[in-house]
K.L.:
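Here's a structure for you.
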Amino acid sequence: MKKFLESEIPDLPAEECLFHIIPAPYEKTVSYGQGTAQGPGAILEASYQLEAYDGISCPCERGIHTREPKHSLESIEHEVSDVLRLGKLPVILGGEHTVTAAALKALKDSGEEFGIVQFDAHADLRDTYEGEKLSHACVMRRAVDMDIPLFQIGVRSLSVPEVKLRAELGIPYVDGYQIGRHGIPENLLPEGFPEKVYVTFDVDGLDPSIMPSTGTPEPGGLNWFQAMECLEKIVRNKVVIGFDAVELAPIKNLHAPDFLVARLIYNFMGLIARK
Ligand SMILES: [Mn+2]
């Protein structure tokens, strides 16, 4: 696999790089379209087309180190732990959404107090899915089980038990239709949300018109500028301790969505690096 932005970045030793990319081509429980195992490779390949200058600055000057791909949840967790030990910022490239559970476990074990901001079309709050507890459709439920505060952005597909669970636990959210009608709220995250946040970006949170390359697309998602506005607001008010981009299932000969994810990651790095 290629390295993120390898064509442009200064050659810094790994331990000096702020961002540590962990490719996680894990795909076990995908329910509809397949192909997320090809996600990390496609993102890294597309990153070759990025410019070092993101429009405002050169985030790559802070160092981007791409690690070897990790294929199991255990090895992903181990890798994230290692990045955290170095005091650096893990960036996980999925793979199905389940990989987030591995990252959260590593963060939790490191003793970090944090909340999760989830971009997604789906709530992912089912207790089990097709008999599986560690499924992409259950990943945020596992976070709730770990007592990690959760905020959901762009959701528009939920089961009735998920709606009930949200109400029962008071899980805060700004759903797809709210964003469609009113845009991004001035104060995005609720008051009292943890100071440190992990951001999990399921690409199906975006509208299928710009993100067709995903297994379970849903109409009514975020557009590019809405996604950027959310990321800006998160970085402005919180400390991002890690993030992932998951569920990209590349479509052959359709490069725009792959490039979109590479660009989204790089812009997010820019916001973090400039803070
Ligand atoms: Mn998801």
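One-based numbering along the sequence shown. Counting starts at 1 for both ligands and their atoms, in listed order.
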K.L.:
Output a table of donor-acceptor pairs, distance under 3.5 Å, between side-chain atoms of residues 184-193 and any protein atom two or more places apart or on a different chain; print 'none' if there are none.
P.N.:
none

K.L.:
Mind checking what makes side chain to side chain contact (heavy atoms under 4.5 Å, CB included) contact with A123, not counting sequence neighbours?
P.N.:
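For A123 the side chain to side chain contact (heavy atoms under 4.5 Å, CB included) partners, ignoring immediate neighbours, are L125, Q152, V155, L158, E162.
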K.L.:
Are the aromatic rings of F243 and Y198 close, with centres under 6.0 Å apart?
P.N.:
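Centroid distance F243-Y198: not below 6.0 Å, so no.
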K.L.:
Measuring from the Mn ion (ligand 1), count protein N/O/S atoms under 2.8 Å, please.
P.N.:
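For the Mn ion (ligand 1), the figure is 4.
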K.L.:
Whether R67 and D82 form a salt bridge (side-chain N of Lys/Arg under 4.0 Å from carboxylate O of Asp/Glu) is what I want to check.
P.N.:
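Yes, charged N to carboxylate O under 4.0 Å.
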K.L.:
Who passes salt bridge (charged side-chain N to carboxylate O under 4.0 Å, His left out) against E77, sequence neighbours left out?
P.N.:
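Per chain and number, E77 pairs via salt bridge (charged side-chain N to carboxylate O under 4.0 Å, His left out) with K105.
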K.L.:
Are V261 and M1 co-members of a hydrophobic cluster defined by side-chain heavy atoms under 4.5 Å apart?
P.N.:
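Yes, same cluster.
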